[in-house]
> 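Please find one structure pasted underneath; my questions will follow.
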There are 2 protein chains.
Amino acid sequence: MNIGTAATQTGLPVKTIRYYEEIGLVTPDRRANGYRDFSEACVEQLRLLAQARHLGFSLEECRRLLSLSADEGRASRDVRALAQQNLEAVREKIASLSALEAQLQRLIAQCHGDDAPDCAILDDLMGQRGN
Amino acid sequence: MNIGTAATQTGLPVKTIRYYEEIGLVTPDRRANGYRDFSEACVEQLRLLAQARHLGFSLEECRRLLSLSADEGRASRDVRALAQQNLEAVREKIASLSALEAQLQRLIAQCHGDDAPDCAILDDLMGQRGN
DNA sequence: ATAAACCTTCCAGTGACTGGAAGCAAAAGT
DNA sequence: ACTTTTGCTTCCAGTCACTGGAAGGTTTAT
């Protein structure tokens, strides 16, 4: 299977697949003309990559997921732990973004938003030390 | 004021301040010995940068904030619009992270998490196309 | 025969820093 | 006065996960 077909099968851009090969996440075969040749197994790995990236796993986490998925003797506990870690990270991001949201909302509420140059937002941004 | 003092006054790392100068966000004076010399006004700009970055504004947005803060004839409406845009972006990020959280939670719940190699998470990751 | 679509590699850029090396300048300690 | 430490300078390279583009070879369709 050519790289373009693999791309449409997985939803990954061609460039991204080449990049994944470059950093050793997948190792497609090569044809006589130099074209990459993707096996079904390889496409499955790409599908895992696409899906896991979509879920916010880093490429290093994806690497571990791939090695777990290749390991017939794996314990599902290990996969779960990885996912759990990722979940924590997502929750932390949500928490800090929520704090941002509140602060921005407060700032916006305090600003008149008219033609005059005095602005509560700028006042706040310049007023205090960072944090 | 030396760069180190400016750094402690604003909470920004020295390296970051130099980077901000490099991309033209601030332009401190220079002393005879080549050291940067930060005026109070310059430090205020750095404070704005620190605070705005902390609130998730991009550096390009910060650039616009700085030019608005320097413009005596600005309309606070414009500042508000910028903050409002940022708020939307933050809300979108929160929404998509929340979707991730739900999906991860579901996946984790389906996985036994024991010694056995069969794992609902891996099954899911390899099963379908990436969207 | 020609055009288009597809493949290859390599180089450079993104955003926002961050780390490190090599080399002066200034401040502090003895 | 001398030495050590700290602080400043520049420049180069790396991070993460791609993304764009150039220059060129291959295959497929017309």
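The chains referred to below are lettered A, B, ... by the order of the sequence lines, with proteins before strands, and numbering in each begins at 1.
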> Starting at atom CG of A:L59, determine the distance to atom C1' of D:dA17, rounded to an integer number of angstrom.
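Interatomic distance, CG of A:L59 to C1' of D:dA17: 6 Å.
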> When you compare the side chain of A:V14 with that of A:R18, does any pair of heavy atoms fall below 4.5 Å?
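Yes; the side chains approach each other to less than 4.5 Å.
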> Using OP1 and OP2 only, check whether a side-chain N or O of B:R30 sits under 4.0 Å from D:dT10.
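Result: yes.
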> How would you give the extent of chain B contacts on DNA chain C, as first and last nucleotide 5' to 3' within a 4.0 Å heavy-atom cut-off?
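Endpoints of the contacted stretch of DNA chain C: C:dA16 to C:dA26.
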> Determine, for B:R77 against A:D114, whether the closest basic-nitrogen to carboxylate-oxygen distance falls under 4.0 angstrom.
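A salt bridge is absent here (no side-chain N lies under 4.0 Å from a carboxylate O).
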> Is there side-chain contact between B:F38 and B:D29, with heavy atoms separated by less than 4.5 Å?
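A side-chain contact under 4.5 Å is absent here.
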> I need the CZ-P distance between B:F38 and D:dG7, as an integer number of Å.
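Whole-Å distance recorded here is 16 Å.
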> Under 3.5 Å, is there a donor-acceptor pair linking the side chains of A:Q105 and A:E101?
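No donor-acceptor contact under 3.5 Å links the two side chains.
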> Regarding B:R31, tell me which of base, sugar-phosphate or nothing describes its non-hydrogen contacts under 4.0 Å with the strands shown.
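Nothing, no heavy atom under 4.0 Å.
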> Summarise how protein sits on nucleotides 22-30 of chain D as a single string, 5' to 3': B when a protein heavy atom is under 4.0 Å from the base, S for sugar-phosphate-only contact, - for no contact.
---BBS---
> Salt-bridged, A:R30 to A:E21, with N to O below 4.0 Å?
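A salt bridge links A:R30 with A:E21.
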> Please report the distance, rounded to the nearest Å, between CZ in A:R53 and C1' in D:dA17.
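Rounded to whole Å, this separation is 6 Å.
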> Taking only heavy atoms on the protein side, list every residue of residues 16-28 of chain A lying under 4.0 Å from any atom of DNA chain D, sorted numerically.
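Heavy-atom cutoff 4.0 Å gives A:T16, A:Y19, A:Y20.
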